[in-house]
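Just below is one structure, and these are the notes that go with it.
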Amino acid sequence: MNKKNLWLSGPYLVWIVGFILLPLVTIFYYGFTTAQGGFTFANIINAVTDSANLKAIGLTVLLAALATAICLLLGYPLALCLSRIGLKWQKAVIFLFILPMWMNFMLQMVAINVILEDNGIINTILTALGLEKVHIANTFGAILIGMVYDYFPFMLLPLYNTVSRLDGDLINASKDLGAGPLRTFFKITFPLSLPGLVSGATMVFIPAISDFAIAEMLGGGKIMLVGNIVEMSFTKGQYYQGSGLAILLMAFVIISSLITGEDGENEGGAMLP
Amino acid sequence: MEKEKLIELVGVSKSYDGENVLKNLDLYIRDNEFITLLGPSGCGKTTTLRIIGGFVTPDTGRVIFEGKDITALPPNKRQLNTVFQKYALFPHMNVFENIAFGLRIQGVSEQEIKRRVSEMLEMVGLSGFEKRAVTQMSGGQQQRIAIARALVNKPRVLLLDEPLGALDFKMRQDMQYELKNIHKQAGITFIYVTHDQEEALTLSDTIAVMNQGIIQQIGTPEDIYNEPKNAFVADFIGDSNIIDGVMLHDYLVNIRGVDFPCVDAGFRREEPVDVVIRPEDVILTTPEKGQLQGVVTSLTFKGVHYEMDVEACGYEWLVHSTKMEPVGSHVGICVDPENIQIMHKPRSVDEEAAGVDE
Ligand SMILES: Nc1ncnc2c1ncn2[C@@H]1O[C@H](COP(=O)(O)OP(=O)(O)OP(=O)(O)O)[C@@H](O)[C@H]1O
Ligand SMILES: [Mg+2]
């Protein structure tokens, strides 16, 4: 590189060092030291042995997996339908589903709460119909709904990109060779959608597993995910425990994106959050 | 003598977004013939093929196969296979699995599948490529896999949509030869789509020339070349001189003020007509011996023959000849009566498309 122009990279260096390397080093420093400054694995071991942490890990993985599965089950049929209608309609529907992403996150959460509350919209309707009220607000279910709502576009976009680029003549060729609609789906459409499915799943699972904000806003502080424990540890000044858990979470994210990364690369989905 | 009709299209119409792509099309296809749908881009060839294949439902009209109406039958129930314009090979399967696809669906035994796939690969000259990814094959190889994938099912009819479109000149010629062979060997009906008139003339038993959703003329390559029914067909099949003329009476036409004896009759007296003369039928002689006198304005060597433009009577005549005349030389033009084709002039654009010949 031309030495004279080296200073151009200055701002990026400051950025990389200040906002990426420094925090990482800090986390790793706290994660592997004792309060006295000695090296230890205790923080990491504690992160996976403490019963409260274990429960949170289980809950987090379950939530993230459920949110991913629901987004997938909603998104795949939608993407398949979209690819069969006129291009104008496709764009319009995609736009509608992306629209909420442009809304402030806090507003989204408040709105969902208004819908789910014990005296919220759903329950008002149920009462009006003479049905029993449901208690969703501040439960596992509320967080799940929030996650699905928030992350659905990340599932839909890679799916839509993959499915809409499928050559219609591949489907025709399958039928031409004697396969009915069902076999055509399982032998052609589904295998060729896999890259999109994997990308979409990664794009939902990874932010879901490291989430703490949705859980805090919709769980009413009653449900602790790994992200919430990390956040709490830091606000309470327990840097060593918090860092241990954060490193664990990071490992989880990196591993899951490595597993799916190979297939998902083409769809731009293997990005870390 | 006439073989039975295998497939018949009866009054088939199709429109997209209010645009009539096929207009009341009638066509029948005989058993074992190699028929080509020939026409310019956008004239409805692919649409016709897709209707026969079952991928497109016509708005009106019927598709008959061996006397049975199959208009509503889905493609997977039809006894025909297609070689798609861009091959449509399954990218997630290797060569073997692509070709075996149809047999797997039919539930053929694994042993039998192995045997028939290798037989096919041998026929298309790709033995040993079983495990290759189709995405790693060249255009010509992919095309042969597509043909093998269709033929392995022993269809009654093979539909081919511009299968040689993506190949270079040499490869096209080789594949044309191979296709002709395969057609002979397999003994089945080929319905072939192309916009390349030379390809159509080389390969086909029958050619259906299409324009704007209408079949202009159907016949053997010789018929279509020698006796084009209208100016469109004449112009589309090979080069042609299409000149305004006036029919004086039976067997005599006036071209630009000069009377030419011809072999056509049955026109009105003084009827304006299109006169079609193939460039190889224009004979150049000395000015004194010619029916017309002209000047050579350009000369190109084309390998087998010379191509010349001759300016005569305000018309630029295209001439093919093995003897060359240098640019600027004065020549005479002669045309034998049997090489002059007289055609009615279309009265409107629609009629031109329809190729109405009274
Ligand atoms: N699915 C479709 N939707 C809208 N219009 C279509 C569709 N398929 C074909 N058309 C239109 O129908 C007309 C005929 O198309 P077709 O594909 O049959 O032409 P073709 O003769 O095969 O042309 P080419 O030589 O370019 O392949 C074109 O004007 C095309 O734009
Ligand atoms: Mg076409």
Side-chain angles (χ1 to χ4, degrees), chain A residues 76 79-81 83-92 158-201 259-270, chain B residues 16-17 46 49-57 73-94 97-108 113 117 120 134-135 142 145-155 157-163:
Chain A
Y76 192 37
L80 286 176
C81 290
S83 68
R84 264 159 229 181
I85 61 175
L87 201 63
K88 261 192 215 155
W89 286 105
Q90 291 182 21
K91 300 280 174 221
L159 270 179
Y160 168 74
N161 275 336
T162 310
V163 171
S164 64
R165 259 185 282 158
L166 269 187
D167 183 359
D169 269 347
L170 291 177
I171 312 294
N172 284 341
S174 167
K175 291 186 183 159
D176 185 77
L177 294 166
L182 218 64
R183 271 209 267 203
T184 297
F185 176 79
F186 284 110
K187 292 200 154 198
I188 308 296
T189 313
F190 184 74
L192 291 176
S193 321
L194 269 178
L197 289 167
V198 171
S199 297
I259 292 171
T260 56
E262 272 162 32
D263 283 332
E265 260 160 15
N266 304 334
E267 308 306 321
Chain B
Y16 286 112
D17 313 317
T46 297
L49 205 67
R50 279 172 187 266
I51 286 174
I52 297 172
F55 310 114
V56 168
T57 319
L73 205 66
N76 46 320
K77 304 254 167 67
R78 299 192 183 194
Q79 297 177 32
L80 23 87
N81 286 115
T82 308
V83 177
F84 289 86
Q85 197 157 1
K86 291 184 205 107
Y87 316 141
L89 298 177
F90 305 128
H92 58 303
M93 299 179 189
N94 62 23
E97 286 305 320
N98 261 281
I99 301 176
F101 190 87
L103 300 176
R104 290 251 149 81
I105 300 288
Q106 291 168 38
V108 175
I113 290 179
V117 172
M120 275 299 140
V134 288
T135 45
Q142 291 192 17
I145 296 165
I147 292 175
R149 183 178 71 174
L151 279 179
V152 77
N153 304 291
K154 305 199 167 133
V157 181
L158 189 65
L159 310 178
L160 303 107
D161 194 352
E162 308 212 21

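Order of the sequence lines fixes the chain letters, A, B, ..., with proteins taken first and strands second; residue numbering starts at 1 for each chain. Basis for what follows: all heavy atoms, side chains included, without hydrogens, waters or symmetry-related copies. Owing to the predicted nature of the structure, the values given are computational and were not obtained by experimental measurement.
In this structure, A:Lys175 places its NZ atom where only 12 or fewer heavy-atom neighbours from other residues, nucleotides or ligands lie under 6.0 Å away.
Residue B:Leu159: no heavy atom, backbone or side chain, is found under 4.5 Å from chain A. At a 4.5 Å heavy-atom cutoff, the contact between B:Phe84 and chain A is made by side-chain atoms alone. Contact annotation for A:Ser174: both backbone and side-chain heavy atoms come within less than 4.5 Å of a heavy atom of chain B. Only the side chain of A:Leu192 comes within contact range of chain B, with at least one heavy atom under 4.5 Å from a heavy atom of that chain.
In this structure, the side chains of A:Leu177 and B:Asn153 come closer than 4.5 Å at one or more pairs of heavy atoms. Residues A:Lys187 and B:Phe101 have side chains in contact (heavy-atom distance under 4.5 Å, counting atoms from C-beta outward). Side-chain atoms of B:His92 and A:Ile188, non-hydrogen and from C-beta on, do get closer than 4.5 Å to each other.
A salt bridge links B:Arg50 to A:Asp169: one of the charged nitrogens lies within less than 4.0 Å of a carboxylate oxygen.
Residues A:Arg183 and B:Arg104 approach most closely at NH1-O, 4.3 Å, considering heavy atoms. Across all their heavy atoms, B:Asn76 and A:Gly180 have their closest contact at ND2-CA, 3.4 Å. Of all heavy-atom pairs between B:Asn81 and A:Asp176, the closest is ND2-O, 2.9 Å. Closest heavy-atom contact between B:Ala88 and A:Ala173: O-CB, 3.9 Å.
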